[in-house]
Amino acid sequence: MRIDIQRLLADLNEPQRQAVTHTEGPVLVLAGAGSGKTRVLTYRIAYLIATGTALPWQILAMTFTNKAAQEMRQRVATLVPGAELPQWVGTFHSVFARILRREGDRLGYDRNFAIYDEQDQLTLIKNGIRELRLQGDEINPRAVRGAISKAKNQLIFPEEYERKAETFFEREIVSPLYHYYQRMLKTNNAMDFDDLLVQPIVLFDRFPDVLTRYQEQFRYILVDEYQDTNRAQYTLLKQLAQRYRNLCVVGDDDQSIYRWRGADVGNILNFQQDFKDCAIYRLEQNYRSTKTILGAAHSVVRNNVNRWEKRLWTDRGEGEKVGVVATDSDREEAFRVVSLIEREVYQNKRSFKDFAVLYRTNAQSRILEQALRDAGIAYEIVGGVRFFERKEVKDVLAYLRVVCNPAESFSLKRIINFPLRGIGATTVSKVEEFARAKQIPLFSALERVDEVPAIAARTKESIKHFVKLINKYRSLRSELSPAELATALVEEVGFRRMLKEEGTDEARDRLNNIDELLYAIASHSSNAEDPSLEGFLQHVSLLTDVDSWDDRANVVTLMTLHSAKGLEFPVVFITGLEEGLFPLANSAMDQRDLEEERRLFYVGATRAKEKLYLTWAASRRRWGMEERVSRPSRFLMEIDSEYIELLGERDRPPRRARRPERPAERRSPMPAWEDESQEPNPIYAGRRVHHPKFGHGTVIAVDGADERARVVVLFDAVGEKTLVLKYANLRPA
DNA sequence: CCTGGGATATTTTTT
DNA sequence: ATATCCCAGG
C-alpha cells in the first residue's frame with residue numbers, strides 16, 4: 001500500500017498534495033479553472049481509502065453531474081486497485097433522494113415517491129389556480145413556481161410564507177397556492193427537486209437519531225463546485241459535518257453561475273466563518289489552456305468588482321490568438337462556425353469531437369444545428385428538450401409510475417384517457433369527487449367505480465378495463481424484469497400500433513424514442529445498484545443534461561454555457577456575443593446580474609484548451625419573424641487586444657460552394673428553393689420532395705409567387721396537402 | 001366525448 | 001416556428 005500512496009502523491013503539485021493529504025478538519029480549496037480541482041477530489045478519496053483513514057462507505061462526495069460522479073468513481077478504481085468503491089458519490093439531489101427513499105417513511109412518504117419535474121409542477125399549480133378559484137387569467141404559473149421554489153430554497157415553509165407575505169401577489173396568490181401545492185405533493189406521494197434538499201433538512205431536524213446515524217457514517221465529506229451551492233445545500237452540509245468536521249469544499253468564486261437559482265457565493269465566506277479553523281489552499285496553476293486563452297478570459301472577469309483578485313498562470317505556450325468573427329446575421333454566424341470547424345479539421349487534423357459550440361440560450365441551437373446538418377457534420381446537442389421530457393416518453397413513464405405507485409394520481413390522470421378510451425374529463429372529476437369524499441386515492445376510487453354516482457354504464461366498463469390493465473401489471477412486477485414489463489405494457493397499451501398507423505416521420509421519431517426508453521430500462525437493470533423499476537424511475541428523474549451526453553462519439557458538441565461547466569475541449573466557440581443576448585438584456589440593469597454574465601463568459605472561455613473563437617451577429621431572428629439588430633457584446637471590448645485577431649471576410653476558408661443568399665424578391669414561382677445546400681433546388685410540379693412532418697411526396701402544383709407561393713403536394717403517407725411554400729420547409733428528395 | 005382550428009406565448013440559464 | 005391551450009361543432 002505504501003508504494004501506491006507515494007505514486008499517488010507524485011501525480012500532484014504542491015498545493016494539490018497539501019489539499020489531498022490534509023484529511024482532518026475543515027478544508028477550503030480555492031481552485032481556479034483548469035487547476036485540477038476534480039483531480040484533487042478524486043485523489044483525496046483515493047488517499048483516504050488507500051491509507052485506511054476511511055472506509056469507502058464513510059465517504060460522501062458531491063459532484064455537479066452524475067456523469068462526473070461516475071468518472072470520479074472509475075478514476076478511484078484505477079488509483080486504488082482492488083479497493084471497494086465509494087457508493088456515496090453523486091449530485092446533491094441524487095444523494096439525498098437516496099437517503100429519502102430509505103428514511104422518508106418518517107416524514108410520511110412511501111419509498112417509491114415520485115419526483116416531479118418542472119412541467120409537472122406547472123400542471124399542479126394550474127390545477128391549483130382552478131381549484132382555488134383564483135383569477136386564473138392574471139396569474140403566471142411560472143412566476144408562482146419560481147416564488148415557491150425560491151421560498152423553499154430559503155427554507156421558508158407555507159405557514160411562515162403566509163405570515164411574512166407582503167405584496168398582493170405573495171399574500172393572495174402564492175401563499176394559498178404554496179399551501180395547496182405542498183398538500184398535493186404529499187397526497188400524491190411526490191416531491192419536487194427542491195424537496196429533495198429541503199425534506200432531508202426537515203428529517204434531520206425532527207429525528208436527531210437519523211441525523212446522528214448519517215453523521216457517524218459520513219466521516220469525510222467532499223463537495224465540488226462549492227461556489228454554486230444554495231442555502232439548503234449548505235445547511236445540509238453543516239448538519240452532516242457537525243460531528244466529525246471533516247468537510248472539504250472546492251470552488252472558485254469566478255465560476256459561480258447559478259445565483260439566479262439561489263446559489264450563493266457567500267457560502268465561501270460563510271464557510272470561513274462557520275469553520276474558523278479551516279485550512280485554505282489555493283490552486284492557481286492552470287493545466288488546461290494556453291496563456292492567450294487565460295489572458296483573454298481574465299481580462300473580462302477582472303472587470304467584476306465583487307471578486308477576489310487572483311490570476312491563474314500556466315507554463316503552456318502562448319498559443320494561437322482568440323479568433324473573433326463578426327457576421328451580419330445569425331445564419332451567417334452559424335455558417336462561419338461550420339466553415340471554421342471544417343478548416344480546423346482539414347488543416348489541423350482535428351476530429352469533430354474536439355469542438356464545442358456554446359451559446360447563452362437554448363433557442364440559439366437550432367440555426368447552428370441546421371448549418372451543421374447541411375454541411376453533413378455529425379453533432380450532438382446537450383440539453384434543450386430533454387429526452388425524458390418528451391411527450392411520448394413521459395406517457396410511458398407515467399404508466400410505469402402508476403404501476404409502481406398507485407397513490408400518484410397525477411400521472412394517473414395523464415394516462416387514464418391516453419390512448420383514448422372514453423374516460424373524459426367529466427368522468428374523472430366525478431370520480432375525483434368521490435375519492436375526496438371517501439378520503440382515498442384516485443386509483444382506489446376507480447376500483448370502486450360501481451359506487452360512484454352518475455356514471456354511464458359504458459364508461460364504467462372502460463374504467464374497469466383500465467383498472468384491470470394497471471392491476472395486471474402491478475402483479476406482473478414480481479414475475480417480469482423491468483424491461484420485459486415495460487415492453488409488454490407498451491405493446492398492450494398500443495403505443496406502437498398507434499404511432500405506426502400515424503406513419504409520419506414525427507411518429508417514427510416518437511417510436512424510436514420509446515424504443516430508446518425501453519433500451520434504457522434494460523441497461524439500467526443490468527448495471528444499476530438498484531435494478532428495480534422503481535430504481536429506474538428515480539434515476540431518470542435525477543439525470544442532468546450532461547449525464548446523457550456521449551463524450552466519446554466523434555461529433556461536434558452543442559450546449560449552453562451553463563452546461564459546459566466542468567468540461568474541456570481543444571476548440572471552443574462562444575457564439576451570440578451581442579449586447580442583449582450575452583450579456584442578456586435584463587442583466588445589464590443589475591450590477592450583480594451583469595457580473596454573473598461575465599463569470600459565465602469566463603467559464604465558457606476557460607473550457608478551451610488550444611483555440612477559442614468568439615462570434616457575433618449584427619442581426620438575429622427571434623421566434624421566426626422579427627429581426628433584432630444588435631451591437632457587439634461589451635465582453636468583446638473588454639478583452640485586451642493583444643489576445644485577439646479579427647477574422648475578416650478574407651480569412652474565410654475556401655468553400656466548396658457559396659450558399660446562395662435568400663433572394664429578396666422572387667419573380668417567378670419556379671426558382672423558389674427552400675433547400676440550403678450548395679445548389680438551388682427549385683420546387684416544381686412533378687418534383688419529389690420531403691417534408692419534416694408529412695414525409696415524402698410529389699409536388700402537384702405551385703401557385704402564386706413570392707411570399708404567398710403555395711404548393712400542393714401529394715404525400716405518400718398522408719395524401720394531398722396545400723402548404724405555404726415559405727413555411728413548408730420542403731427539401732427536394 | 002372527441003376533434004380540429006385558431007389564438008397565444010415562447011427565449012435565460014437547471015437539479 | 002412551434003407548442004400548448006381553449007372552444008365550438010360533430
Side-chain angles (χ1 to χ4, degrees), chain A residues 62-66 90-97 115-119 121-123 126 130 136-137 140-142 145-146 149 152-153 191-198 225 228-230 232-233 256-263 358-367 370 382-386 388-391 417-428 456 458-459 462 506 540-547 559-565 576 580-588 593 596-597 599-601 603-604 620-626 628 692-693 724 726-729:
Chain A
M62 310 294 192
T63 56
F64 209 68
T65 64
N66 296 296
T91 63
F92 270 93
H93 290 84
S94 57
V95 162
F96 287 100
I115 298 170
Y116 281 3
D117 66 14
E118 194 169 328
Q119 288 173 35
Q121 292 178 291
L122 286 176
T123 313
K126 284 176 197 161
R130 219 168 302 148
D137 290 351
N140 175 1
R142 287 161 160 271
R145 196 202 71 88
S149 175
K152 283 195 184 184
N153 278 317
M191 300 204 196
D192 64 14
F193 285 122
D194 300 316
D195 278 339
L196 297 178
L197 305 177
V198 171
E225 306 285 6
D228 279 325
T229 52
N230 64 25
Q233 289 164 328
S256 155
I257 54 175
Y258 284 101
R259 197 178 82 89
W260 53 274
R261 71 168 198 211
L358 309 180
Y359 36 78
R360 182 63 180 80
T361 67
N362 281 307
Q364 288 163 255
S365 69
R366 185 171 298 164
I367 194 151
Q370 207 169 37
V382 178
V385 181
R386 296 171 187 73
F388 289 102
E389 286 175 11
R390 280 164 214 244
K391 187 189 175 303
N417 202 26
F418 184 84
L420 299 174
R421 44 172 79 87
I423 310 173
T426 334
T427 308
V428 172
R458 225 178 121 155
T459 315
S462 303
E506 197 185 305
V540 298
S541 310
L542 296 171
L543 285 178
T544 68
D545 283 340
V546 173
D547 289 338
M559 64 175 116
T560 62
L561 289 144
H562 282 87
S563 293
K565 180 162 98 157
L581 183 62
F582 191 26
L584 267 168
N586 6 7
S587 71
D593 287 344
E596 178 143 313
E597 298 282 309
R599 293 191 294 267
L600 194 53
F601 178 87
V603 167
R620 190 173 288 278
R621 282 207 276 188
R622 275 166 32 129
W623 35 86
M625 296 296 285
E626 96 206 67
R628 202 183 70 164
K693 235 191 214 129
V724 178
K726 190 176 164 204
Y727 298 117
N729 220 354

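As a basis for the values below, the full set of heavy atoms in this structure was taken, side chains included, without hydrogen atoms, waters or symmetry mates. All figures in this text were calculated on a predicted structure; none of them were measured in a lab.
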Phosphate-side-chain proximity, [X] and [N], N/O vs OP1/OP2 below 4.0 Å:
X        : N      : value
A:Asn417 : B:dC2  : yes
A:Thr560 : B:dT14 : yes
A:Asn362 : B:dT14 : yes
A:Ser541 : B:dT15 : no

Separation of [X] atom [atom1] from [N] atom [atom2], in whole Å?
X        : N      : atom1 : atom2 : result
A:Glu118 : B:dT10 : CD    : C1'   : 13 Å
A:Arg366 : B:dT10 : CZ    : P     : 16 Å
A:Phe92  : B:dT15 : CZ    : C1'   : 12 Å
A:Phe64  : B:dT14 : CZ    : P     : 10 Å
A:Leu584 : B:dT13 : CG    : P     : 9 Å
A:Asp117 : B:dT14 : CG    : P     : 14 Å
A:Asp547 : B:dT15 : CG    : C1'   : 10 Å
A:Asp194 : B:dT14 : CG    : C1'   : 11 Å

Mind checking [X] for me? I need base, sugar-phosphate or nothing, with any heavy atom below 4.0 Å counting as a touch.
X        : answer
A:Lys126 : sugar-phosphate
A:Leu420 : sugar-phosphate
A:Thr426 : sugar-phosphate
A:Thr65  : nothing
A:Arg142 : sugar-phosphate
A:Thr459 : nothing

**Request:** Identify, between A:Ala363 and A:Tyr258, the residue whose nearest nucleotide on DNA chain B lies closer to the 5' end.
**Result:**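 Residue closer to the 5' terminus by nearest nucleotide: A:Ala363.
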**Asked** When the ring planes of A:Phe582 and A:Phe601 are compared, do they come out parallel, tilted or perpendicular, using 30° and 60° as the limits?
**Response**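 Plane angle between 30° and 60°, so tilted.
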**Asked** Relative to each other, are the rings of A:Phe64 and A:Tyr258 parallel, tilted or perpendicular (30° and 60° limits)?
**Response**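 The arrangement is tilted - the two ring planes meet at 30° to 60°.
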**Request:** Please determine if A:Asp593 and A:Arg259 form a salt bridge, counting it only when a charged side-chain N lies under 4.0 Å from a carboxylate O.
**Result:**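 Yes, this pair counts.
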**Request:** Please report the closest heavy-atom contact between A:Asn230 and A:Arg261, naming both atoms and the distance.
**Result:**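 For A:Asn230 versus A:Arg261, the nearest heavy atoms are ND2-O, 4.5 Å.
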**Request:** Could you pull out the closest heavy-atom pair between A:Thr560 and A:Leu358, with the gap in Å?
**Result:**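 Heavy atoms only, the tightest pair is O-CD2, 4.3 Å.
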**Asked** Is any side-chain heavy atom of A:Phe96 less than 4.5 Å from a side-chain heavy atom of A:Gln233?
**Response**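 A:Phe96 does not reach A:Gln233 side chain to side chain.
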**Asked** Using atom P of each nucleotide, how far apart are C:dT4 and B:dT13 to the nearest Å?
**Response**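 Pairwise P distance, C:dT4 against B:dT13, rounds to 16 Å.
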**Prompt:** To the side chain of A:Thr361, which of B:dT13, B:dT15, B:dC1 is closest?
**Reply:**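 Among B:dT13, B:dT15, B:dC1, the one nearest the side chain of A:Thr361 is B:dT13.
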**Stacking check A:Trp260 vs B:dT12 (5.5 Å / 30 deg)** =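 The ring of A:Trp260 is not stacked on B:dT12.
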